[in-house]
Amino acid sequence: CILFCLGFTTQQSEVIVSALVKIMNTNLDMIYKDMVTKVQQEIALQQVMSHIGGVKKDMIILEKSEFSALRSENEKIKLELQQIKKQVLDEITKVRADNKLNLNLEKSRVKELVSFGYFLLETSKQHAQQDRALTQTDRKIDTEVADLKTMLESHKLDNIKYLAGSVFTCLTVALGFYRLWI
């Protein structure tokens with residue numbers, strides 16, 4: 001009717017209107033093909049939820065196995081650290097005992113020399129030598145103790161670095177699992 005008023009004949013208006021109706025029907029058919037029914041949507045949702053449940057179970061199993069492996073590795077490292085600590089303490093004890101023995105030997109030599117009645121000049125020279133020897137021995141003891149402390153601190157730092165790496169690795173794995181769940 002509107003097309004007729006615009007200068008089209010009745011036949012032309014009917015042809016144009018029927019073409020427009022066919023185009024609209026075709027578009028609606030295409031839209032309906034892309035849509036799903038509520039039943040199909042629920043079935044797809046159920047399938048997705050079952051897949052998510054399976055993935056969650058797999059992730060829990062994987063998480064437990066990974067954490068148990070990390071725990072056992074940490075226990076091994078703790079045992080190794082305790083053994084190293086014991087070895088270092090044993091070495092420190094040996095060095096101290098050796099140094100005490102050396103000091104006692106030097107002291108006994110000094111006492112023997114004094115008891116034999118050396119001249120005062122010689123005894124003063126020997127005392128100076130013994131003082132130097134004691135000072136050198138004390139320095140040796142101090143340097144060895146400092147070296148052992150440095151080595152102990154180095155081992156501590158290495159263990160702290162490994163522990164920090166393990167913690168960050170665990171956090172990364174946990175965040176990865178968390179991200180997958182969400």
Side-chain angles (χ1 to χ4, degrees), residues 43-182:
I43 291 171
L45 181 64
Q46 297 264 338
Q47 290 173 344
V48 168
M49 293 305 284
S50 69
H51 286 300
I52 288 173
V55 169
K56 281 184 181 179
K57 288 177 187 176
D58 292 343
M59 288 180 71
I60 289 170
I61 291 169
L62 180 64
E63 179 182 353
K64 286 181 181 178
S65 67
E66 287 295 320
F67 280 131
S68 64
L70 286 173
R71 283 187 190 125
S72 65
E73 189 67 29
N74 282 341
E75 289 299 320
K76 288 179 186 176
I77 290 171
K78 283 181 184 177
L79 291 175
E80 289 176 9
L81 180 61
Q82 289 174 352
Q83 290 174 353
I84 290 170
K85 186 177 180 180
K86 186 177 180 182
Q87 289 174 353
V88 167
L89 291 175
D90 290 343
E91 288 295 320
I92 289 172
T93 306
K94 286 179 185 177
V95 168
R96 284 183 181 169
D98 288 343
N99 288 332
K100 284 182 182 180
L101 181 63
N102 288 339
L103 285 173
N104 288 334
L105 287 174
E106 290 296 321
K107 285 180 183 179
S108 66
R109 282 185 198 164
V110 169
K111 287 180 183 179
E112 286 175 7
L113 290 175
V114 170
S115 67
F116 287 131
Y118 277 83
F119 295 105
L120 185 59
L121 185 59
E122 285 186 16
T123 56
S124 65
K125 287 181 183 178
Q126 289 175 356
H127 282 290
Q129 288 176 352
Q130 288 174 356
D131 285 342
R132 281 188 235 119
L134 286 175
T135 304
Q136 287 176 352
T137 305
D138 286 339
R139 287 181 187 157
K140 285 181 184 178
I141 290 171
D142 291 339
T143 55
E144 288 198 23
V145 167
D147 289 344
L148 288 173
K149 284 182 179 179
T150 304
M151 183 174 32
L152 182 64
E153 288 299 320
S154 172
H155 288 298
K156 281 182 183 178
L157 287 174
D158 289 343
N159 286 327
I160 288 170
K161 287 177 188 176
Y162 180 80
L163 181 63
S166 297
V167 168
F168 285 119
T169 302
C170 290
L171 285 174
T172 304
V173 168
L175 288 173
F177 286 130
Y178 179 75
R179 183 172 178 127
L180 286 175
W181 282 344
I182 292 180

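We use all heavy atoms of the structure for the numbers below, so side chains are in, but hydrogens, waters and symmetry mates are not.
A distance of 8.5 Å separates OH in Y162 from OG1 in T169, rounded to the nearest 0.5 Å. One finds the CG atom of L152 at 7.5 Å from the CG atom of L89 (value rounded to the nearest 0.5 Å). With values rounded to the nearest 0.5 angstrom, K78 atom NZ is found 14.5 Å from Q83 atom CD. Atom CG in D158 sits 11.0 Å away from atom CD1 in I77 (nearest 0.5 Å). Atom CZ of residue R139 and atom CD1 of residue I141 lie 12.5 Å apart, to the nearest 0.5 angstrom. For the atom pair CH2 of W181 and CD1 of I52, the computed distance is 13.0 Å after rounding to the nearest 0.5 Å.
Here side chain to side chain donor-acceptor pair (under 3.5 Å) pairs that include residues 95-107, with residues two or more places apart or in two chains, are E106-R109. Residue pairs satisfying the salt bridge (charged side-chain N to carboxylate O under 4.0 Å, His left out) criterion with at least one member in residues 45-60, sequence neighbours excluded, are absent.
Between the side chain of S154 and the backbone N or O of T150 there is no donor-acceptor pair closer than 3.5 Å.
Not a single salt bridge (charged side-chain N to carboxylate O under 4.0 Å, His left out) links E73 to another residue, sequence neighbours left out.
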Open item on the list: Pair V95, V145 - check side-chain contact (heavy atoms from CB on, under 4.5 Å), show working.
Closed with: CA-CA 8 Å; V95 168; V145 167; 5.7 Å; no
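V55 is not listed as a side-chain neighbour of L180, based on a closest heavy-atom distance of 4.5 Å or more.
A pairwise comparison of heavy atoms in L148 and E91 identifies CD1-C, 4.5 Å as the closest pair.
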